[in-house]
Peer 1: 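Please see the structure below; I have some questions.
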Amino acid sequence: MSIAEDHFSILWPRHVEGMIALLSELRQAFDGDLDSTLILAVIGAALLPKDELPISFSYSQLLKQRDIDFRKPLNTLSISQVTGIPRETVRRKLAAMEAKLWVERDEKGHWKMGRRGSEDLRPMTELSLKYISSIAEGIDLARAGTSSS
C-alpha cells in the first residue's frame with residue numbers, strides 16, 4: 001500500500017482542505033476560468049520542468065533571478081494536447097492572458113510567462129506552496145507515526 005492509503009486520515013483532509021482553498025483562489029484570480037488556470041500551469045511546468053531543475057533550486061532563487069529559463073518549447077497545439085482543451089479555445093484564452101501580459105510568445109511561437117504573469121499571480125504560487133507544505137507536513141507526521149509504532 002502507498003503512504004497515502006496507509007495514512008489516509010492524516011493526508012486526505014489536508015489534501016481536500018488545501019485543494020479547496022487553492023482552487024477557490026485560482027478561480028477568483030482567473031475570473032472563474034479554471035481552463036485558463038490549467039493552461040498557465042502547463043506553461044509554468046514547461047518553464048520549470050522537474051527533470052531540469054537543480055535539486056537545490058529554491059523559491060527564493062526563482063524570485064531573485066529573472067533570467068532563469070529551463071524551458072521546454074511549448075506551442076498552442078502542445079498545450080491543447082496536454083490539457084485536452086480544444087486548440088481554438090486554448091488560442092483564445094492565451095490571447096486574453098497575453099493582453100494582460102501574463103504570457104508571451106517567443107520568436108518561434110513558443111509560449112512562456114509574460115512580464116506580469118509571475119508578479120500578478122505570485123499569491124497563487126505562494127498558496128500552492130502552502131498547500132504542498134501541508135501535504136509534506138502530513139507525510140512527515142505519517143512517517144513519524146510509523147517509526148514510533
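Sequential numbering from 1 along the given sequence is applied to the chain's residues.
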Peer 1: Minimum heavy-atom separation for Glu104 and Gly114, please, with both atom names.
Peer 2: OE1-CA, 3.8 Å
Peer 1: Identify whether the distance between the nearest side-chain nitrogen and carboxylate oxygen of Arg105 and Glu98 falls below 4.0 Å.
Peer 2: no
Peer 1: Determine whether Glu119 and Arg116 satisfy the following criterion, salt bridge (Lys or Arg N to Asp or Glu O under 4.0 Å), listing intermediate values before the conclusion.
Peer 2: CA-CA 5 Å; Glu119 185 177 324; Arg116 304 263 337 153; 3.7 Å; yes
Peer 1: Do you know the tightest heavy-atom contact between Pro86 and Ser80?
Peer 2: C-OG, 3.7 Å
Peer 1: Quick check: closest heavy atoms across Ile10 and Gly138, and the distance to 0.1 Å?
Peer 2: CG2-O, 3.5 Å
Peer 1: Does a side-chain heavy-atom distance below 4.5 Å link Val90 with Arg87?
Peer 2: no
Peer 1: Can you measure from CG (Asp6) to CD1 (Ile3) and round to the nearest 0.5 angstrom?
Peer 2: 7.5 Å
Peer 1: Examine Met113 and Tyr59 and state if one hydrophobic cluster contains both, with Ile, Leu, Val, Met, Phe, Trp and Tyr joined whenever side-chain heavy atoms are less than 4.5 Å apart.
Peer 2: yes
Peer 1: Not counting sequence neighbours, list each pair that qualifies as a salt bridge (Lys or Arg N to Asp or Glu O under 4.0 Å) and has a residue in residues 8-20.
Peer 2: Arg14-Glu137
Peer 1: OG of Ser36 to CG of Leu40: how many Å apart, nearest 0.5 Å?
Peer 2: 8.5 Å
Peer 1: Show your reasoning for whether side chain to side chain contact (heavy atoms under 4.5 Å, CB included) applies to Met97 and Ile39.
Peer 2: CA-CA 10 Å; Met97 287 188 276; Ile39 290 166; 3.8 Å; yes
Peer 1: Sequence neighbours excluded and cut-off under 3.5 Å, please list the side-chain donor-acceptor pairs for residues 20-27, or say none.
Peer 2:
from: Ser24; atom 1: OG; to: Ile20; atom 2: O; distance (Å): 2.8

Peer 1: If hydrophobic clusters are built by linking Ile, Leu, Val, Met, Phe, Trp and Tyr wherever their side-chain heavy atoms come under 4.5 Å apart, do Met124 and Leu101 end up in the same one?
Peer 2: no
Peer 1: Got a sec, which pairs hit ring-ring contact (aromatic ring centres under 6.0 Å, His included) with one end in residues 77-106, sequence neighbours left out?
Peer 2: Phe30-Trp102
Peer 1: By the definition side-chain contact (heavy atoms from CB on, under 4.5 Å), identify the one residue from Thr83, Val82, Thr76 that meets it with Ile79.
Peer 2: Thr83
Peer 1: Rounded to the nearest 0.5 Å, how far apart are CZ of Arg92 and CG of Asp35?
Peer 2: 10.0 Å
Peer 1: Suppose we screen for side chain to side chain contact (heavy atoms under 4.5 Å, CB included). Which residues come up paired with Asn75, at least two apart in sequence or across chains?
Peer 2: Leu77, Ser78, His110
Peer 1: Quick one, Lys112 and Val103 - any side-chain contact, counting heavy atoms below 4.5 Å?
Peer 2: no
Peer 1: Not counting sequence neighbours, which residues clear salt bridge (charged side-chain N to carboxylate O under 4.0 Å, His left out) with Asp33? List them please.
Peer 2: Lys93
Peer 1: Check whether any side-chain heavy atom of Pro73 sits under 4.5 Å from a side-chain heavy atom of Lys108, and report yes or no.
Peer 2: no
Peer 1: For a quick test of reading the model, state the closest non-hydrogen atom pair linking Leu11 to Ile139 and the distance between them.
Peer 2: CD2-N, 3.5 Å
Peer 1: Minimum heavy-atom separation for Leu74 to Ile43, with atom names?
Peer 2: CD2-CA, 3.7 Å
Peer 1: Not counting sequence neighbours, which residues clear salt bridge (charged side-chain N to carboxylate O under 4.0 Å, His left out) with Glu88? List them please.
Peer 2: Arg91
Peer 1: Take atom NZ in Lys100; do more than 12 heavy atoms of anything else shown fall under 6.0 Å from it?
Peer 2: yes
Peer 1: Hey, what's the ring geometry for Trp12 with Phe8, parallel, tilted or perpendicular (30° and 60° as the breaks)?
Peer 2: parallel
